[in-house]
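Step one of this worksheet: look at the structure below.
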Number of protein chains: 4
Amino acid sequence: MDATSSETDPPKAVPPKRPTGPRDPVRTRAAILEAATHEFRAKGLTGARVDTIAKRSGVNKRMIYHYFGGKEGLYVAVLEATYSAIRHAEGDLHLGDREPLDAICELVRFTWRYFIDHPEFLSLLGTENLHRARFLKQSSRIRDLHSPLVATLSHQLARGAEKGVIRPGIDPVQLYISIASLGFFYLSNRYTLATIFGRSMDDPASLEARGRHIEDVVLAYLRP
Amino acid sequence: MDATSSETDPPKAVPPKRPTGPRDPVRTRAAILEAATHEFRAKGLTGARVDTIAKRSGVNKRMIYHYFGGKEGLYVAVLEATYSAIRHAEGDLHLGDREPLDAICELVRFTWRYFIDHPEFLSLLGTENLHRARFLKQSSRIRDLHSPLVATLSHQLARGAEKGVIRPGIDPVQLYISIASLGFFYLSNRYTLATIFGRSMDDPASLEARGRHIEDVVLAYLRP
Amino acid sequence: MDATSSETDPPKAVPPKRPTGPRDPVRTRAAILEAATHEFRAKGLTGARVDTIAKRSGVNKRMIYHYFGGKEGLYVAVLEATYSAIRHAEGDLHLGDREPLDAICELVRFTWRYFIDHPEFLSLLGTENLHRARFLKQSSRIRDLHSPLVATLSHQLARGAEKGVIRPGIDPVQLYISIASLGFFYLSNRYTLATIFGRSMDDPASLEARGRHIEDVVLAYLRP
Amino acid sequence: MDATSSETDPPKAVPPKRPTGPRDPVRTRAAILEAATHEFRAKGLTGARVDTIAKRSGVNKRMIYHYFGGKEGLYVAVLEATYSAIRHAEGDLHLGDREPLDAICELVRFTWRYFIDHPEFLSLLGTENLHRARFLKQSSRIRDLHSPLVATLSHQLARGAEKGVIRPGIDPVQLYISIASLGFFYLSNRYTLATIFGRSMDDPASLEARGRHIEDVVLAYLRP
DNA sequence: TATGAATGAGGGTTCATTCAT
DNA sequence: CATGAATGAACCCTCATTCAT
């Protein structure tokens, strides 16, 4: 999935028959999840259609109720999988093992790159916030997923301050929110921004420029 | 309207009869627009119900079609009114008449305050971006609304650089997007953020802290 | 009005403002009647829209209720005017003053020509028969309008039989119905006929050929 | 179904529950089609109500969309079935195996009888022509359905001319249209005809008389 | 006489979900 | 486990008509 692909339905022409044989629970579940992610991302919770998800995943509509209980259950599952994915990818960076400034820089670059590569993450968060996180709150595992991130950031900020390379007193949560903000808003609002400013936000050069700008802003802020 | 009010429908118990006498086109139109803003903000385009808008505005459902042509026409009208409102409030700041650093600081504070006070702006932009600005593109007056902002920022950045109080080479559009980002993302995603970080984002102290943080970040970036 | 003009609405672009000054009851009534004839002809009773009639006639919708009481009253008025028109045109032929065979031939040619030139007559009769003449029965003047026609035909058939130029015993009503049939069915069903036979029924050559055929059939039948 | 039954809805009191068990797609489809034929015949396309069709057929309204896509799709299906029925009944006459004059006489009698027995055929054609065959044109199989009729007529006219029992040079399509005309117009317009001529067209004696008249007209025309 | 706002009933259609096989 | 028919509640929208000016 990439940031510039068209998301409208009719031209999509997804293969309606998946090559899995019958009675393969794991693949059925995965196929539904994949199709649902796409649909919820493109239309939101209310706009998404159970029929469309069934058709796209090539499974019978009844299976959605079998595996996920219903549209909302499926939506929650998509949400969990989406958050889980980014946090695991983040974990793979092993930010705790690097030098403080380097670690934060890496997090900035990773975050920006991840947002570009996973537009469903942006859309789903937007949708979930429209609903005031009503569904995310139902998920028990979500909060645990985020403590390592805060812990690592906190640790590196403290070490950086000690070493004199980072200004002291920075709140790790504020910092993370700002790192996310600078990329998230640009990408998730790129359609209205392009319209009001009359300038493409999607082409590689613009994305590259924005990436550099974000690094500049964060580094300026960290500077002691 | 404020950022913390409950938005669910049933408990809302809005006065079903508006106090306007009949045959008042101006008030009818305004009442529809107000109710629609609320409904689109709370539910998005797909989730919004025409019936609910009619009920809340106290007018006959048919009038929505009379004045706005339909649900989408009404949505476009809401979008235009919403953008128009922020740009006019911005214009009232007369940023061009101030000192460069002061002007930008004022813009930062204004933007943050405006986002807090107008949650419908955040939601509607999220909704519109879910639809890839399909409706905003239909509005002809939108782009003209934004050129003064860019012009003013550009002018003040140049003056600031000349005077040696602002680092040279800053792109005004990138800067504005960053200013908006730091507040927009925090507020529009406050529900998921509160959930994943297990910390309120909505109380006055948190809002105050975030406001100061944003100023810090922007000022650090502007510093030569 | 002619047999081949397109009748769909959107491209029609009728002048929405008629050049009459205000307060001209006669013209207002006539404008409504003209627009209604067009609309009922093109859409039938159920398909016709009061709004469309008002717009096309350039008068306020309320006037339709003022002058005709409502949609059905207007429809009855259109029906009466339509029948009245053909019978008056028929009367102008003065068929009673001609030789028997000549009179009947003239009636055949007139009927065919009138049907071609007045497609609204065909459509309105079709619509009225769908409703089992429910509205025509409300009109008191309709029946009197038709006795002269039957009387004249009867008279000429008798004279022709006496003179030996027309076979005796022909029922004038059966004959008239047949004369009307041969043209009416061809023209009112020309769209389905063209489709099932894969051959145009509307071009001048086809109309000419059908006219000759009808004359042949009637004359063969009259032959003693 | 016969020509004289009342078609208005309220007194009809159709059994609202059909005796078919659930889960019988074939019967469900057929029940919808039967109810739709009745409704479109009585009210035309615009006047027909999807709710009424659902109620009469005893199936859930949703099924109409499941099987036919919508009101128009259902109408097209009704149209196809109606045309298909008359052409198949016609085919069963095996007109090609008879003597020329006899074959044509049989066609005349069959057509008249079929029109009397299938008033829905008349009404649906009227409705379809009001819409200028817009829907019939969508049907691919319609034209093929009619070539055998023209071929047979053509063949018999040629043979009759050879044998000297039919006048040469008769166009088979014109002849067929005339045969249909003489019965179709009488029956489909019987309500207005009865009103303007003040004479019943529906009683058995009148139908019998009209049948004989039609034969007379056609035979007179065929006579060499 | 003329106008355009206002109305309530009902139009076709779509939806998430469940049932029978 | 899997299927497609079946359901009833809404949803957006349209209509003929009336009201207030």
Side-chain angles (χ1 to χ4, degrees), chain A residues 20-25 27-29 46-54 58-67 69-74, chain B residues 21-29 46-54 58-74, chain C residues 20-25 28-29 45-54 58-67 69-74, chain D residues 20-29 45-54 58-74:
Chain A
T20 66
R23 320 232 158 198
D24 184 342
R27 289 183 84 154
T28 298
R29 233 192 95 98
T46 327
R49 299 290 166 243
V50 175
D51 268 292
T52 306
I53 294 170
V59 312
N60 186 276
K61 200 172 18 166
R62 188 66 186 77
M63 292 296 94
I64 290 173
Y65 293 86
H66 183 70
Y67 284 110
K71 191 190 191 185
E72 295 197 350
L74 177 54
Chain B
R23 306 249 131 204
D24 186 341
V26 177
R27 289 181 85 154
T28 298
R29 230 191 99 101
T46 327
R49 297 294 166 241
V50 174
D51 268 291
T52 306
I53 295 170
V59 310
N60 187 281
K61 191 170 33 161
R62 188 60 185 79
M63 289 294 93
I64 291 173
Y65 296 88
H66 187 65
Y67 285 109
F68 299 97
K71 192 192 194 184
E72 295 198 349
L74 178 54
Chain C
T20 66
R23 320 234 159 193
D24 184 342
T28 297
R29 232 192 96 97
L45 173 57
T46 327
R49 298 293 166 241
V50 175
D51 268 294
T52 307
I53 294 171
V59 311
N60 186 277
K61 198 171 22 163
R62 188 65 187 78
M63 292 296 94
I64 290 174
Y65 293 86
H66 183 70
Y67 285 111
K71 192 191 191 185
E72 295 197 350
L74 178 53
Chain D
T20 67
R23 304 251 132 204
D24 186 342
V26 177
R27 288 180 85 154
T28 297
R29 231 191 97 100
L45 174 56
T46 326
R49 297 292 166 243
V50 173
D51 268 292
T52 306
I53 294 170
V59 311
N60 187 281
K61 190 167 40 157
R62 187 63 185 77
M63 289 292 94
I64 291 174
Y65 295 87
H66 187 65
Y67 284 110
F68 299 97
K71 190 190 195 185
E72 294 197 351
L74 178 52

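Throughout, protein chains are lettered first and strands after them, A, B, ... in sequence-line order, and every chain is numbered starting at 1. The structure presented is a predicted model; accordingly, all values stated were derived computationally and were not measured.
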Can you pull every protein N or O that's under 3.5 Å from an N or O on nucleotides 16-18 of chain E?
| from | atom 1 | to | atom 2 | distance (Å) |
| --- | --- | --- | --- | --- |
| E:dA16 | OP1 | A:A48 | O | 3.0 |
| E:dA16 | OP1 | A:K71 | NZ | 3.0 |
| E:dA16 | OP2 | A:V50 | N | 3.3 |
| E:dT17 | OP2 | A:Y65 | OH | 3.0 |
| E:dT17 | OP2 | A:K71 | N | 3.1 |
| E:dT17 | O5' | A:Y65 | OH | 3.4 |
| E:dT17 | O4 | A:K61 | NZ | 2.5 |

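At the phosphate of E:dT1, neither OP1 nor OP2 sits under 4.0 Å from any side-chain N or O atom of C:T28. Residue D:N60 has a polar side-chain atom (N or O) positioned under 4.0 Å from OP1 or OP2 of F:dG8. Taking side-chain N and O atoms only, A:H66 has no distance below 4.0 Å to OP1 or OP2 of F:dA2.
For A:D51, the side-chain contact (heavy atoms from CB on, under 4.5 Å) partners two or more places apart in sequence, or in a different chain, are A:K61. Taking B:R49 as the reference, A:T46, B:E39, B:T52, B:K71 meet the side-chain contact (heavy atoms from CB on, under 4.5 Å) condition, with sequence neighbours excluded.
Between the C1' atom of E:dT1 and the CZ atom of C:R29 lies a distance of 15 Å, rounded to the nearest Å. In this structure, CZ of D:R27 is placed 17 Å from P of F:dA5, rounded to the nearest angstrom. Rounded to whole Å, atom P of E:dT7 lies 12 Å from atom CG of B:D24. Remark: P of F:dA2 and CD1 of A:I64 are 13 Å apart, rounded to the nearest angstrom.
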**OP:** Toss me the dot-bracket line for DNA chain E: Watson-Crick and G-U wobble, both under 3.5 Å, 5' to 3', using | for pairs to another strand and [ ] for crossers.
**Re:** .||||||||||||||||||||

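The structure places CG of C:L74 at 10.0 Å from CG of C:L45, a figure rounded to the nearest 0.5 Å.
The two residues A:N60 and A:A54 make their nearest non-hydrogen contact at C-CB, 4.5 Å.
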